[in-house]
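Presented below is the structure to which this report refers.
Lettering of chains follows the sequences in order, A, B, ..., and the numbering in each one begins at 1.
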Number of protein chains: 2
Amino acid sequence: MDKERLQQFGEGIRQLRRSKNLTQAELASRMGRDQQSIQRLESGRVNPTYLYLLELAKSLEMDISELVAVGK
Amino acid sequence: MDKERLQQFGEGIRQLRRSKNLTQAELASRMGRDQQSIQRLESGRVNPTYLYLLELAKSLEMDISELVAVGK
DNA sequence: TGTATTTACAACATATTTGTTGTATTGTTT
DNA sequence: AAACAATACAACAAATATGTTGTAAATACA
């Protein structure tokens, strides 16, 4: 189901963020967003856009190709 | 600018679709969508979601990691 | 030329993402 | 325990993606 794919992806992002020792607020700040934005993403309650993913990858210092692979 | 990234990505999708000899309508059909959806994507007028990209990759018979790489 | 196919674009309704504010809950540290 | 930091969640407005219909323009082909 779609909802599960989003939850899986969100969980993957959470792992990545933690592996880099960043708080939700810190990551959000790098993206010019707020903590709630990351929280919703990690909880799988939203379906992020391509541009959001590009910014996320940049803020996590990785390629978007690697980023989207976490949901697999 | 963001608009340019979307245009660049859309153009990349167009190349991929053409390389597989698919019309916009055919690709859309595989995704359960209509021709207009693909047209807006390729013209860079929309910012597709993660789930949309997953379906697009599947319909183009490729990995989402490869798919998002076309916009680079 | 004429016909069919493909692509482009616009407008509208609907659903959803995003931004924002506030706050509750959980976790950590002293 | 108390204080602080981090995370979760809800509700609202605004922006935007998506679905849909209609049609114009461009392209391919007989």
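Of the two residues contacting DNA chain C, namely B:S43 and A:G32, the nearest-nucleotide position lying further toward the 5' end is that of B:S43. The residue among A:Q35 and A:L6 whose nearest nucleotide of DNA chain C lies closer to the 5′ end is A:L6.
The shortest side-chain heavy-atom distance between B:R45 and B:L6 does not fall under the 4.5 Å cut-off.
When heavy atoms are screened at a 4.0 angstrom cut-off, B:R14 is found touching the sugar-phosphate backbone but no base atom. A:N47 comes within contact range of the sugar-phosphate backbone alone, with a heavy-atom separation under 4.0 Å but no base atom that close. Using a 4.0 Å heavy-atom criterion, one finds that B:R40 contacts the bases of the nucleic acid, with or without backbone contacts as well. Contacts of A:R18 with the nucleic acid, taken as non-hydrogen atoms under 4.0 Å apart, are absent.
Atom-to-atom, CG of B:L53 to P of D:dA17 comes out at 12 Å; the value is rounded to the nearest Å. Computed from coordinates, the A:N21 CG to C:dT28 P distance equals 14 Å when rounded to whole Å. In this structure, B:E55 places its CD atom 11 Å from P of D:dT18, rounding to the nearest Å. Atom pair B:L54:CG and D:dA17:C1' shows a separation of 16 Å (rounding to whole Å applied). Remark: C1' of C:dT16 and CG of A:D2 are 13 Å apart, rounded to the nearest angstrom. Computed from coordinates, the B:Q36 CD to C:dA10 C1' distance equals 11 Å when rounded to whole Å. For the pair A:D34 CG and C:dG22 C1', the interatomic distance rounds to 12 Å; values are reported in whole Å. In this structure, the CG atom of B:L56 is 16 Å from the P atom of D:dA17, given to the nearest Å.
Side-chain N/O atoms of B:Q24 and base N/O atoms of C:dA8 include no donor-acceptor pair closer than 3.5 Å.
Set against D:dT21, D:dC9, C:dT21, the side chain of A:R45 has D:dC9 as its closest nucleotide. Across D:dT18, D:dT21, C:dG19, the shortest atom-to-atom separation from the side chain of A:R33 is found for C:dG19. When each of C:dA8, D:dA8, D:dT21 is scored by its nearest atom to the side-chain atoms of B:E42, the top-ranked nucleotide is C:dA8.
Here B:L60 contributes atom CG and B:S19 contributes atom OG; the two are 8.0 Å apart, rounded to the nearest 0.5 Å. The CD1 atom of B:I13 sits 6.0 Å away from the CG atom of B:L41 when rounded to the nearest 0.5 Å.
Look at A:E26 and A:R17 and you find no salt bridge, because none of the NZ, NE, NH1 or NH2 atoms lies under 4.0 Å from a carboxylate O. Taking the charged nitrogens against the carboxylate oxygens, A:R33 and A:E55 do have a contact shorter than 4.0 Å, which makes a salt bridge. For A:R14 and A:E11, the salt-bridge test passes: some basic side-chain N is under 4.0 Å from an acidic carboxylate O.
Taking only side-chain nitrogens and oxygens, A:T49 comes nearer than 4.0 Å to OP1 or OP2 of C:dT18. The side chain of A:Q39 places no N or O atom within less than 4.0 Å of a non-bridging phosphate oxygen (OP1 or OP2) of D:dT7. Look at A:R17 and you'll find a side-chain N or O under 4.0 angstrom from OP1 or OP2 of D:dT7.
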